[in-house]
Amino acid sequence: MTTQRITDDLERLLALLPDPVRDALGPAERREQLLEVVLDLGRVPEARYPGQALALGEVPLTRDDLDAMVARLGCFGADNRAGIERTLHRISAIRNRRGDVVGLTCRVGRAVFGTVALVRDLLDGGQSLLLMGRPGVGKTTALREIARVLADDLQRRVVIIDTSNEIAGDGDVPHPAIGRARRMQVARPEQQHQVMIEAVENHMPEVIVIDEIGTELEAQAARTIAERGVMLVATAHGNALANLIKNPTLSDLVGGIQSVTLGDDEARRRRSQKTVLERAADPTFPVAVEMHSRQRWSIHTDVASTVDQLLRGLQPRPQERELAADGAVRFVDPPDQRRPRLLAQPGLQNRPALAAVPMRPPVDPPPSGTEIDSEEEARSASDDLQLLCCGITPQLVEESTRRHGWPVQLVEDLSDADVVLSIRQGLGREPSLRRQARELKVPILVIKADTLPQVERALERLLSRRQGPDQEEPDPVSVDGQDDELAGLEECRLAVEQVVMPQGRPVELLPRSERVRRMQADLVQRYRLRSDVFGQAGHCRLRVFPP
């Protein structure tokens, strides 16, 4: 459980304001939620709070008041922004045609410790993370806290590209709120994409943090960085993922959009036109967050699947997370759902919700002649194998069961499943599914590829185990233990031979069981390299270090 702690250095900003404005902001209760102070020539100063704006006095601002404040601030940058050294406040100028300042927006910068709890579990996975939301919702505040946690708690090499000095504050010494993370300043806003590439080439970061990706060049630089194996944490213009899809400049962040002409059979199967929009590539950011407020965020744990659904006219179901007053994170069900569910759209990656799913109590078969009234009782009384797919195309399962007449039924809820069928990459992308399956004692069968022969072989094995009276219960984590061991060793070998030794970069492997981690550590020792275990229970993984 994490409690929030806020530091804002507000007195240093108030000291720059004209005396009447500062006096009007005197009461402490008028400062706690203050977002910004607006000073426009010839108008009454205004204080803005969440959802409202209040006039500060009755006297319009004079030219002398404005010039005196500009003189105290010093020079403005090329982006018409100035700051106060070693604080997070930002002062932005409005100029007339002659270049004279006629208005100032004094934005209050706050370091909030504790907001990262909403996405703390996502940082362990090492996947790039994109934050979206309306202005003032706290994107930069969250970005700053994420950078500190990655640098201090997870011991990553973090470099912040601080274009407007808003993340780490003004001046040459960064604000303590970013922890051990390093900060690179940008001389001019249009050079941000160049500094992003320079950071990767010169300073060997494991994580790059960027505020406001807004141009095509910056989007291309982000993809280049991601393809080099560096984790990205960034914010982007737009309130939701759907906005990025419609934005031709930034759509590459979520995979890009292309027009595709379908064949007659495929168009009939989809019940769509022959020319459709599809995702062009893998997203630069596999995980995205929509920030609705400072306490409520929507998490898209698989951006590729979300984009595919939106392009097909389907409604995605992101995880809704809320930060309670005591710092605890709550998972909120969408209005149309009684409990967290798994997406099961044809051809899309299934994604589990992270909230705990209540375990279904065992139900004895009803006596002969008993009438079954509810759908839930009918499902419990059925002899069909209840199967949940993770990374497996549902049509392959349906074709296999139809061809062989097997008693298999696809389900969407983990709590309804007898077993989970997954490919290797499916569990790697969603470690929470493994943890939930362990809690619910639902077995997971891992197969090598999403192909019809592999699916048929897996279903045949599951049905034979289910029908055999003398068979032992399958392992609740993985039915195919040997498959998991081979996958773990092969992953370790490729990481060592393709990244750690030739590039001199450390690599974190996917979460594995203790037995597989020991085998991986032995393999690392044979290469005369060093490794260590990171992560909490259920997410423990091996990190391999260069020589």
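- Side-chain contact between T284 and L130 is absent, with no heavy-atom pair separated by less than 4.5 Å.
- From E508, atom CD reaches atom CG of D532 across 10.5 Å, with rounding to the nearest 0.5 Å.
- Here the side chain of D211 pairs no donor or acceptor atom with the backbone of T140 at under 3.5 angstrom.
- Looking only at side-chain heavy atoms (C-beta outward), M196 and I210 come within less than 4.5 Å of each other.
- Contact of the V420 side chain with the L388 side chain is registered, since non-hydrogen atoms from C-beta on lie closer than 4.5 Å.
- Note: Q52 CD to L54 CG = 4.5 Å, rounded to the nearest 0.5 Å.
- Put simply, CZ on R279 and CG on L311 are 8.5 Å apart, with the number rounded to the nearest 0.5 Å.
- Summarising the geometry of S531 relative to F545, their closest heavy-atom pair is CA-CD1, 4.1 Å, with the distance given to 0.1 Å.
- Between the side chain of R321 and the backbone N or O of L118, at least one donor-acceptor pair lies under 3.5 Å.
- Checking each of Q192, Q185, R81 against S164 for a side-chain hydrogen bond (donor to acceptor under 3.5 Å, both in side chains) leaves exactly one that passes, namely R81.
- Counted within 6.0 Å of CZ on R182, heavy atoms from surrounding residues, nucleotides or ligands total 12 or fewer; the atom is thus considered open.
- Contact between A199 and P205 at its shortest, heavy atoms only, is O-CD, 3.3 Å.
- Within the model, atoms CG of D252 and CG of N247 stand 11.5 Å from one another, a figure rounded to the nearest 0.5 Å.
- In plain terms, the two heavy atoms of R517 and R512 that are nearest each other are NH1-O, 2.7 Å.
- Between D302 and T306, every side-chain heavy-atom pair lies at or beyond the 4.5 Å cut-off.
- The main-chain N or O of G109 is found under 3.5 Å from a side-chain atom of H89 such that the two form a donor-acceptor pair.
- In this structure the side chain of K139 never reaches within 4.5 angstrom of the side chain of L143, judged on heavy atoms.
- To the nearest 0.5 Å, atoms OG1 (T224) and CD1 (I197) are separated by 5.0 Å.
- Listed for the E320 side chain is no donor-acceptor partner under 3.5 Å among the backbone atoms of R296.
- Contact of the L17 side chain with the C106 side chain is registered, since non-hydrogen atoms from C-beta on lie closer than 4.5 Å.
- Of the possible polar contacts, none joining the R505 side chain to the M204 backbone as a donor-acceptor pair under 3.5 Å is found.
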Does L387 form a side-chain contact (heavy atoms from CB on, under 4.5 Å) with V419? I'd like the steps, not just the answer.
CA-CA 5 Å; L387 183 73; V419 67; 3.4 Å; yes
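- When all heavy atoms of R294 and T141 are compared, the pair lying nearest together is NH1-OG1, 4.2 Å.
- Within the 3.5 Å criterion, the main-chain N or O of P189 finds no donor-acceptor partner in the side chain of D79.
- Side chains of I225 and R228 form no contact here, defined as non-hydrogen atoms less than 4.5 Å apart.
- Defined by atom type and a distance below 3.5 Å, a donor-acceptor pair is missing between the side-chain atoms of N80 and S92.
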Does the side-chain contact (heavy atoms from CB on, under 4.5 Å) test come out yes or no for V37 and L25, once each step is laid out?
CA-CA 10 Å; V37 177; L25 283 169; 3.9 Å; yes
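- Screening residues 193-208 for side chain to side chain donor-acceptor pair (under 3.5 Å) gives no qualifying pairs among residues at least two apart or on separate chains.
- Among all heavy-atom pairs drawn from N239 and G133, the shortest one is OD1-C, 3.6 Å.
- Atom CG of L16 and atom CZ of R22 lie 9.0 Å apart (nearest 0.5 Å).
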Show your working on side-chain contact (heavy atoms from CB on, under 4.5 Å) between D416 and Q386 and close with a plain yes or no.
CA-CA 7 Å; D416 292 333; Q386 309 294 313; 5.6 Å; no
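- The two atoms that bring L35 and P50 nearest to each other are CD1-N, 3.7 Å, heavy atoms only.
- A distance-only check finds a donor-acceptor pair linking the side chain of R183 to the backbone of G169 [under 3.5 Å].
- Side-chain contact check for L323 versus V329: some heavy-atom pair is nearer than 4.5 Å.
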Let me see the working for N243 and L250 under side-chain contact (heavy atoms from CB on, under 4.5 Å), right down to the final yes or no.
CA-CA 9 Å; N243 300 135; L250 300 180; over 6 Å; no
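- Formation of a donor-acceptor pair under 3.5 Å by the D413 side chain with backbone atoms of A417 is not found in this model.
- Annotation for R515: atom CZ does not count as buried by contact number, only 12 or fewer foreign heavy atoms lying within 6.0 Å.
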